S.K.: 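One structure coming up, written as structure tokens, with questions to follow.
Indexing begins at 1, ligand by ligand and atom by atom, following the structure's order. Residues: numbered from 1 along the sequence shown. Here the structure is a predicted model, which is why all the values come from computation and not from measurement.
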Amino acid sequence: MEKIAANLAIVKERIARAARDSGREPGDVTLVAVSKNQPDESVRAALDAGQRIFGENRVQEAQKRWEGLRATRTCPDLRLHLIGPLQTNKVRIALALFDVIETLDRPELAQALAEAQARMGHKIPCLIQVNTGEEPQKHGVKPGDLAGFVTLCRQTLGLEIRGLMCIPPADEPPALHFAFLAKLARSHGLRELSMGMSADYEKAIALGATCVRVGTSIFGSRDMPAPQPCAGDREEG
Ligand SMILES: *Cc1c(COP(=O)(O)O)cnc(C)c1O
């Protein structure tokens, strides 16, 4: 568990260096520690080391973990980001649990979120996930549909859209996708860019990332295989 504190320090140092190297302030880049599929004791070690922003990809697993951890600890500055696909029937739970939804990716979800926010009297910032590689199995708005989707979310539904998020294709240079996402964000006047994971977060920072999502480099490899949700299982469960 000491390893986790050491890993966190290394990742933070590398983030700071990457930011300075591209003429940015280290404080402009938020580190989201991706705790999906990690044991609670690892998450506790990260909390003990001062980490307060975590990313989870499954609503119900996150709920189980964080309701427990929140009950045993008082961390008023804890922030949870949803970084996995959100089913419309879990929007209310997600809204109660998460501080940021990074994976807004389709009109039905945007609509469900707007309705839940109105009912619960509680609004949270969102990022739109863009499928920059236009991969059929991957979630995210197609780049060509982004303009219409941004207008729907902001104008029609009044959602708080802060920026864009992407997961580049595994077999392509991520820098191309990071640069593309940054360009899309600029053209829509969106400030936040969530991009970069363990293998490529420094590259992402050089290309403008304001938020990097790092799991393995902090916690080590995940015990459980991360299930890869596909387009077909969105509305199940
Ligand atoms: C798992 C995951 C990450 C973290 O990936 P690592 O390679 O372990 O750093 C980041 N973003 C998303 C969306 C993920 O699902």
Side-chain angles (χ1 to χ4, degrees), residues 3-4 6-15 18 29-39 42-43 45-46 49 51 53-62 65-66 79-87 90 94 97-106 109 125-133 135 137-141 162-175 177-178 180-182 185 192-205 207-231 233-234:
K3 188 96 176 104
I4 289 173
N7 288 345
L8 257 173
I10 293 168
V11 169
K12 281 195 240 174
E13 177 52 39
R14 288 175 59 175
I15 288 173
V29 183
T30 300
L31 169 62
V32 176
V34 176
S35 47
K36 67 179 189 198
N37 297 327
Q38 298 287 353
S42 297
V43 175
Q51 179 64 26
I53 306 172
F54 292 85
E56 293 279 356
N57 70 334
R58 305 205 132 214
V59 174
Q60 272 157 325
E61 271 139 50
R65 182 209 297 286
W66 288 103
R79 296 284 177 272
L80 299 180
H81 289 219
L82 178 64
I83 61 167
L86 178 56
Q87 300 164 357
K90 300 215 177 78
L97 182 68
F98 290 99
D99 301 284
V100 179
I101 292 173
E102 295 202 12
T103 49
L104 195 59
D105 65 352
R106 58 198 194 280
L109 177 61
C126 297
L127 307 184
I128 294 172
Q129 182 175 356
V130 182
N131 188 352
T132 55
E135 297 172 280
Q137 82 284 10
K138 219 171 236 173
H139 291 264
V141 177
R162 289 258 176 98
L164 304 178
M165 177 271 212
C166 77
I167 308 170
D171 56 352
E172 287 180 29
H177 294 269
F178 296 156
F180 182 41
L181 194 74
E192 300 287 337
L193 277 173
S194 174
M195 55 191 199
M197 318 202 291
S198 288
D200 50 28
Y201 63 92
E202 287 153 303
K203 226 172 268 159
I205 291 167
L207 291 162
T210 61
C211 180
V212 293
R213 311 177 307 265
V214 181
T216 316
S217 291
I218 296 170
F219 296 109
S221 59
R222 288 174 277 275
D223 292 348
M224 294 169 262
Q228 276 298 313
C230 58
D233 67 6
R234 272 174 181 162

S.K.: Measure the spacing between SG of Cys166 and NZ of Lys138 and express it to the nearest 0.5 Å.
M.R.: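 So the gap between those two atoms works out to 8.5 Å.
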S.K.: For the OG atom of Ser217 and the CZ atom of Arg14, what is their distance to the nearest 0.5 Å?
M.R.: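 If I round to the nearest 0.5 Å, the distance is 6.5 Å.
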S.K.: According to side-chain contact (heavy atoms from CB on, under 4.5 Å), who are the partners of Ala185, at least two apart in sequence or on a separate chain?
M.R.: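 For Ala185, the residues satisfying side-chain contact (heavy atoms from CB on, under 4.5 Å) (neighbours in sequence not counted) are Leu164, Leu190, Leu193.
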S.K.: Considering only heavy atoms of Ile83, which atoms of ligand 1 have at least one such atom less than 4.0 Å away?
M.R.: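 Close to Ile83: 11 (N), 12 (C), 13 (C), 14 (C).
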S.K.: Quick check: Asn57 and ligand 1, any N/O pair under 3.5 Å apart?
M.R.: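 No, no N or O pair falls under 3.5 Å.
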S.K.: Under 4.0 Å from a heavy atom of Ser198: which atoms of ligand 1 are those, numbered in the order shown and with their elements?
M.R.: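 Selected atoms, number and element: 6 (P), 7 (O), 8 (O), 9 (O).
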S.K.: Ignoring angles and geometry beyond distance, decide whether Ser217 reaches within less than 3.5 Å of ligand 1 through its nitrogen or oxygen atoms.
M.R.: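 Looking only at distances, the answer is no, because the N/O contact criterion of under 3.5 Å is not met.
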S.K.: Supply the atom-to-atom distance Glu56 CD to Phe98 CZ, rounded to the nearest 0.5 angstrom.
M.R.: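 These two atoms lie 6.5 Å from each other.
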S.K.: Only heavy atoms of Arg213, strictly under 4.0 Å: list the atoms of ligand 1 that pass.
M.R.: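 Counting atoms of ligand 1 from 1, those under 4.0 Å from Arg213 are 4 (C), 9 (O), 10 (C), 11 (N), 12 (C), 13 (C).
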S.K.: Any chance you could measure Ile128, atom CD1, to Arg162, atom CZ, to the nearest 0.5 Å?
M.R.: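 So the CD1 of Ile128 and the CZ of Arg162 are separated by 13.5 Å.
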S.K.: What do we get for Lys36 next to ligand 1 when only non-hydrogen atoms under 4.0 Å count, side chain, backbone, both or neither?
M.R.: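 Within the 4.0 Å criterion, Lys36 contacts ligand 1 through side-chain atoms alone.
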S.K.: Using a 4.0 Å cutoff against the non-hydrogen atoms of Thr216, which atoms of ligand 1 qualify?
M.R.: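 Counting atoms of ligand 1 from 1, those under 4.0 Å from Thr216 are 6 (P), 7 (O), 8 (O), 9 (O).
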S.K.: Taking atom types as modelled and ignoring hydrogens, do the side chains of His139 and Gln129 form a donor-acceptor contact shorter than 3.5 angstrom?
M.R.: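 No pair is found: no donor N or O on one side chain lies under 3.5 Å from an acceptor on the other.
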S.K.: Please could you name the atoms of ligand 1 that Val214 approaches to less than 4.0 Å, counting only its heavy atoms?
M.R.: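 By the 4.0 Å cutoff, the relevant atoms are 9 (O).
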S.K.: For Arg222, take its heavy atoms, then give the atoms of ligand 1 lying under 4.0 Å from any of them.
M.R.: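 Ligand 1 atoms under the 4.0 Å threshold to Arg222: 1 (C), 8 (O).
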S.K.: Does Glu102 reach ligand 1, in the sense of a heavy atom lying below 4.0 Å from it?
M.R.: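 It does not; every heavy atom stays at 4.0 Å or beyond.
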S.K.: Go through ligand 1 atom by atom and flag the ones less than 4.0 Å from a non-hydrogen atom of Ile167.
M.R.: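 That gives atoms 13 (C) of ligand 1.
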